[in-house]
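Count residues from 1 along the sequence. When a ligand or atom number is given, it counts from 1 through the structure's own listing order.
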Amino acid sequence: MLFLFRSGAPSHDVGVDLGTCNTLVHVRGRGVVVNEPSVAAVRRSDRSVQAVGLEAKRMLGRTGSDMQAIRPLQGGVIADVDVAEAMLRRFLRRATPWKMRRPRPRLVVGVPSGITEMERRAVRSSAEAAGAQELYMVAEPIAAAIGIGEPVDTPVGTMVVDIGGGTTEIALIALGGIVADASIRIAGDVMDRAIVLHARRQHSLLVGDSTAELTKIGLGTAILEENPRVMEVRGRHLVSGLPRAIEMNSTEIGRAIHEAVQAIVAAVVRALEQSPPEFAIDIVDRGIVLTGGGALLPGLPELIHRRTNLPVRVADDPLTCVVRGTAAILDDLERYRMVLRT
Ligand SMILES: Nc1ncnc2c1ncn2[C@@H]1O[C@H](COP(=O)(O)OP(=O)(O)OP(=O)(O)O)[C@@H](O)[C@H]1O
Ligand SMILES: [Mg+2]
């Protein structure tokens, strides 16, 4: 019965960027329908997921005794399979209100290029539990390159640096494959943690992760600025134990995240050193493209340019490159079959 209905109706094609910080879901014909933090609110007593996304993120660090806000992805990979599954299932249900009789979707999911077999299994079980019929995985930097319209299936090399929350992935892509790459688990989250530490050490101020992230977005910089920006940062003062607002500036926040920024630049240099000389012309001509939320850090393109002497540009709308790539793949599965892993 179910089968009869299935064979005739059109299928739903769904592209997913299951990121450490943000999950995006693209549905063919409708665009990006989910763009929310990868956070789930879990009830402690029975481990059931009560809310996901923005609603759950608002609870991060401020939940009562029975409710816990969890980020099921850490360092770019699924750390808590059950919660990730439940979260993805909810996002997909929200994105595709398909009925029982409608065909289940084809899914393309962006995954870190250095994904292990165990992590791959976690993605697969999440997708299956979420109702996917066919599942394809694509390395995130390749998806990002496709998302910004780079010719990844030609012999011309494209150098992409995707700086997310959990991982920075650098890849030289040509003929649908990765020619040289580097992946480090240093990205936005590590910068946030460095800011938490800085606030505690330098200002005796206890701040939460969300405040640290907002401080990074407001004051973060990869290079020293002539006219430093300032901002009030709120937390709990360690000495008085009371809430307090302290003024911080972009010079100190730049210093606080300096180590993480340096590690990212060093990884870019490493990937360039590993690149076959045949691609030097392409890289010199076409430069390096930055994607992911970390690409928005002021001064980062400039710093990478200074270190490498290569043209560096930030992709349009860097936070959606990967999901746009998964959508483009679904639009032309035959063309992009070479980049997919089933
Ligand atoms: N203006 C900004 N300046 C600096 N960092 C930013 C800015 N905007 C967003 N970010 C950071 O970008 C990161 C999120 O980027 P993105 O959504 O690409 O990551 P992700 O895909 O969820 O993670 P990953 O790819 O590692 O799994 C967060 O750390 C966020 O704080
Ligand atoms: Mg990402």
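- Atoms of ligand 1 lying under 4.0 Å from at least one heavy atom of Thr167, given by number and element, are 26 (O).
- Interface atoms of ligand 1 facing Gly292, defined by a heavy-atom separation under 4.0 Å, are 18 (O).
- The Leu319 neighbourhood of ligand 1 comprises atoms 15 (O), 16 (P), 17 (O), 18 (O), with distances under 4.0 Å to a heavy atom of that residue.
- Looking only at distances, a side-chain donor or acceptor of Asn249 sits under 3.5 Å from a matching main-chain atom of Glu252.
- Two residues are said to be in side-chain contact when any heavy atoms from C-beta on lie closer than 4.5 Å; Leu310 and Met159 fail this criterion.
- Residue contact check: Gly188 has heavy atoms under 4.0 Å from atoms 29 (O) of ligand 1.
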TODO: Dump the intermediate steps for side chain to side chain contact (heavy atoms under 4.5 Å, CB included) on Arg30 and Val25, then the final yes or no.
DONE: CA-CA 10 Å; Arg30 289 174 53 208; Val25 180; over 6 Å; no
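- Contact atoms of ligand 1 toward Cys21: 14 (C), 20 (P), 22 (O), 23 (O), 28 (C), 29 (O) (distance under 4.0 Å to a heavy atom of the residue).
- Within the 4.0 Å heavy-atom criterion, the part of Lys216 lying near ligand 1 is the side chain and not the backbone.
- Residue contact check: Gly294 has heavy atoms under 4.0 Å from atoms 12 (O) of ligand 1.
- Residue, atom and distance of the protein heavy atom nearest to atom 30 (C) of ligand 1 are Glu213 OE2, 3.2 Å.
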Open item on the list: Show, in sequence, the C-alpha distance, side-chain angles and deciding distance for Leu333 and Tyr136, and conclude whether the side chain to side chain contact (heavy atoms under 4.5 Å, CB included) test is met.
Closed with: CA-CA 10 Å; Leu333 263 185; Tyr136 304 95; 4.2 Å; yes
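- The stretch residues 270-286 participates, sequence neighbours left out, in these side chain to side chain donor-acceptor pair (under 3.5 Å) pairs: Glu150-Arg286, Thr158-Arg286.
- Inter-residue side-chain proximity for Met87 and Glu36 is flagged as unmet; no heavy-atom pair is nearer than 4.5 Å.
- For ligand 1 and Gly166, the ligand atoms under 4.0 Å from any heavy atom of the residue are 23 (O), 24 (P), 26 (O).
- Closest to atom 1 (N) of ligand 1, if we only count protein heavy atoms, is Leu296 CB, 3.4 Å.
- Of the residues listed (Thr320, Asp317, Asp162), the one engaging Thr291 in a side chain to side chain donor-acceptor pair (under 3.5 Å) is Asp162, and it is the only one.
- Ligand 1 has no nitrogen or oxygen under 3.5 angstrom from a nitrogen or oxygen of Pro298.
- Atom 17 (O) of ligand 1 has Asn22 ND2, 2.8 Å as its closest protein atom, hydrogens excluded (heavy atom only).
- A ring-centre distance under 6.0 Å is found for His198 and His203.
- Taking atom 19 (O) of ligand 1 as the reference point, the nearest protein heavy-atom neighbour is Gly165 N, 3.1 Å.
- Taking a cut-off of under 4.0 Å to the non-hydrogen atoms of Gly19, the atoms of ligand 1 that pass are 20 (P), 21 (O), 22 (O), 27 (O).
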Open item on the list: If you apply the rule side chain to side chain contact (heavy atoms under 4.5 Å, CB included), what do you find for Leu206 with Arg200, and how did you get there?
Closed with: CA-CA 6 Å; Leu206 216 57; Arg200 195 162 64 207; 3.7 Å; yes
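- Between the Thr168 side chain and the Ile186 main chain, a donor and an acceptor come within less than 3.5 Å of each other.
- Looking only at heavy atoms of the protein, atom 15 (O) of ligand 1 is closest to Gly293 N, 3.2 Å.
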